[in-house]
Number of protein chains: 2
Amino acid sequence: MSSNDSASRAATLSDVAQRAGVSIATASKALNGRGDVAPATRTRVLEAAEALSFTPNAMARGLLAGRTGTVGLLTSDLEGRFMIPILMGAEDAFGAGQVNVFLCDARGDAIREQHHLKALLSRRVDGIIVVGRQTDPRPSLGQDIPVPVVYAYAPSDDARDLSLTPDNYAGGRLAIEHLLACGRTRIAHVSGDPAYAAAQDRLAGARAALESAGLELIGQPMFSEWSEQWGRDAAAMLLGQHPEIDAVFCGSDQIARGVLDTARDLDRSVPDDLAVIGYDNWELLALNSRPELTSIDANLQQLGRQAAQRVFDAIDGVDIGEGTHHLPVRLVIRGSTIARR
Amino acid sequence: MSSNDSASRAATLSDVAQRAGVSIATASKALNGRGDVAPATRTRVLEAAEALSFTPNAMARGLLAGRTGTVGLLTSDLEGRFMIPILMGAEDAFGAGQVNVFLCDARGDAIREQHHLKALLSRRVDGIIVVGRQTDPRPSLGQDIPVPVVYAYAPSDDARDLSLTPDNYAGGRLAIEHLLACGRTRIAHVSGDPAYAAAQDRLAGARAALESAGLELIGQPMFSEWSEQWGRDAAAMLLGQHPEIDAVFCGSDQIARGVLDTARDLDRSVPDDLAVIGYDNWELLALNSRPELTSIDANLQQLGRQAAQRVFDAIDGVDIGEGTHHLPVRLVIRGSTIARR
DNA sequence: CTGTTAGCGCGTTCAC
DNA sequence: GTGAACGCGCTAACAG
């Protein structure tokens, strides 16, 4: 086994004090630079600590301080594509600030979520970030939680909570405006599950942008599931019924990949003959397609970082506000809408 | 803001005791079912606890018990595809056992890793799982860590450590044996970066299986990068130079997708004319290709769960052994090697 | 059955 | 400049 369990239990402050021949209090001061300690004894203490590879017990310290320097990350489903960037952003922001992150995966189960919440409170986390898997509102954890809570990606259904979520409406606008700027006017929309708020919001944004230009979608928006297969099938129908279309706005990169595939099969050249734009900027998909996929990036890592920052602020006593904040998204232009040279 | 900070700080045991009109010790016993407490007073305490929504302070409890009920998950790069299933498996296994997980992402930086390690030790985690992003051996954290350490995916380079890693050699064998069972005999190999141990191990396994059948690879194994683009390019070269091949063993699902794409372009029908097998069983890729992709699954979630179990055992004082253990992989058969009906 | 006492490891007054 | 004493929230021994 990789450790000497029985051997050296982690050294304690009194071990250090004893080895340095001083009292516990002096050792503490020396190590933390508090109070006035004679340079000689300070170095003696530091040497002792080094020799024992002393690491202060954060629990004991937290007990005194009343805060633990930990936060909880309560996710509803780790598997999702959207969790990871948010997680990374949050972990990164916290890591820099000396706080550590408890990861809890509720796996879409409310019971398990409640269980984990209890555990986090029992660990006296200083704050909690709740990360949902969709942008649809989710049940609030309630108002009687003794630490600040920020909802990321999936907003809380209680307006008194603070939620950060990507601006899908703006994303829809951005996509259409880009297509218009590319000179396209006959635009269709293929998206995923219509029960997702994301699907509806993106569509609404798209329609608004079209209306501003005095245009409409070609045909009805097509909804089914967030899969490549659906993208292929939808594109086949679409290009059969409306061969005049010159652009497709897809509700996800997966769908866009499917559309690209069918376009290829039908000898519609992308982007000259048909422009295709995806959503999510999932690089695995966007960078490996032919041509590479223009897409909308929700800046999720940024979102995670901001959620962390809000929790920080709240811990420091700053009022972080409430309500659902829609964070800006970003257009990433690649070869599926503008020909590369 | 979503919480009433200033208002109700988390209730403490003495709050409960006071409200129930008993001593702190009695309250503790009543809540934990320890010692003999009169039924009447017990209910009184429970009611008080309920009313104050009392949650025991895990830190204070840990201080006494000498263990915190937490473990550290030290990852080298959250972004990677392989982290998530391992993470999920571990979080799942621990969550069931009342222990919580500290997530630390070193982002491939040794300094940051050292920093996080220090933080974890300071938090007095009961154990640590180190998750690497490749199967190549990584530097050991050392032998003088006061808690058990298990390495997952990337094994430690010190044989005294315990490491769990997928059996890539067996995976290579499995892939070839399946192709042979399908009646294929002219098999080529397209893989990713040859600097990866994974690439070399899979190739070695493949060669062993071929040799057992008195066969050899057609052409030289082709190495470059783990991308779809490379899969496309490699397949074009391969099918040009060796049109007689009847199967391709790919080093990853991404590469396999590229190979499928080129096969389609060149009118080679899969699987009749050409069988293709991938690696990783990345469902996003494997289930969305045409036809769906046969692949090797490394059972990563299982690996995460086992790593957690080992840590559990070590905490309970069980000797968990040492050395690098190669965990079994699994063949997932789909339409790219056997025609669907 | 219940309350008192003694710490777990640490930081912080306050005397010396 | 240094050390003794107290308390953070809790549990485990004892007394009563």
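Below, chains carry the letters A, B, ... as their sequence lines are ordered, and counting in each starts from 1. Quick caveat, the model's predicted, so the values are computed rather than measured. Below, each value reflects all heavy atoms present in this structure, side chains not excepted, and no hydrogens, waters or symmetry copies.
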Colleague: Of the options B:Asp15, B:Leu46, B:Leu31, B:Val45, which is the one that meets B:Phe54 in a side-chain contact (heavy atoms from CB on, under 4.5 Å)?
Modeller: B:Leu31
Colleague: For A:Arg42 and D:dT2, give me the distance from atom CZ to atom C1', rounded to whole Å.
Modeller: 13 Å
Colleague: Is it true that, when you exclude B:Gln309 itself, more than 12 heavy atoms of the residues, nucleotides or ligands shown sit nearer than 6.0 Å to its CD?
Modeller: yes
Colleague: Under 3.5 Å, is there a donor-acceptor pair linking the side chains of A:Gln143 and A:Asp161?
Modeller: yes
Colleague: Examine C:dT2: is either OP1 or OP2 under 4.0 Å from a nitrogen or oxygen in the side chain of B:Thr41? Give yes or no.
Modeller: yes
Colleague: Below 3.5 Å is the cut-off: list the nitrogen or oxygen pairs between protein and nucleotides 9-12 of chain C, distance only.
Modeller:
residue, atom, partner, partner atom, Å
C:dG9, N2, A:Ala60, O, 3.4
C:dC10, OP1, A:Asn57, N, 3.2
C:dC10, OP2, A:Thr12, OG1, 2.6
C:dC10, OP2, A:Leu13, N, 2.2
C:dG11, OP1, A:Asn32, ND2, 3.4
C:dG11, OP1, A:Arg61, NE, 3.0
C:dG11, OP1, A:Arg61, NH2, 2.8
C:dG11, OP2, A:Ser28, OG, 3.1
C:dT12, OP1, A:Arg34, NH2, 3.2

Colleague: Whole Å only: how far is the CZ atom of A:Arg44 from the C1' atom of D:dG1?
Modeller: 12 Å
Colleague: Tell me whether B:Ser53 contacts the main-chain N or O of B:Ala49 through its side chain, where contact means a donor paired with an acceptor under 3.5 Å.
Modeller: no
Colleague: Would you say D:dT2 has OP1 or OP2 under 4.0 Å from some side-chain N or O of A:Thr26?
Modeller: no
Colleague: Among residues two or more places apart or on two chains, list those pairs meeting side chain to side chain donor-acceptor pair (under 3.5 Å) that have a residue in residues 107-123 of chain A.
Modeller: A:Glu113-A:Arg138, A:Arg123-B:Asn100
Colleague: Could you work out, with ring-ring contact (aromatic ring centres under 6.0 Å, His included) as the rule, every residue matching B:Phe102, not counting sequence neighbours?
Modeller: A:Phe102
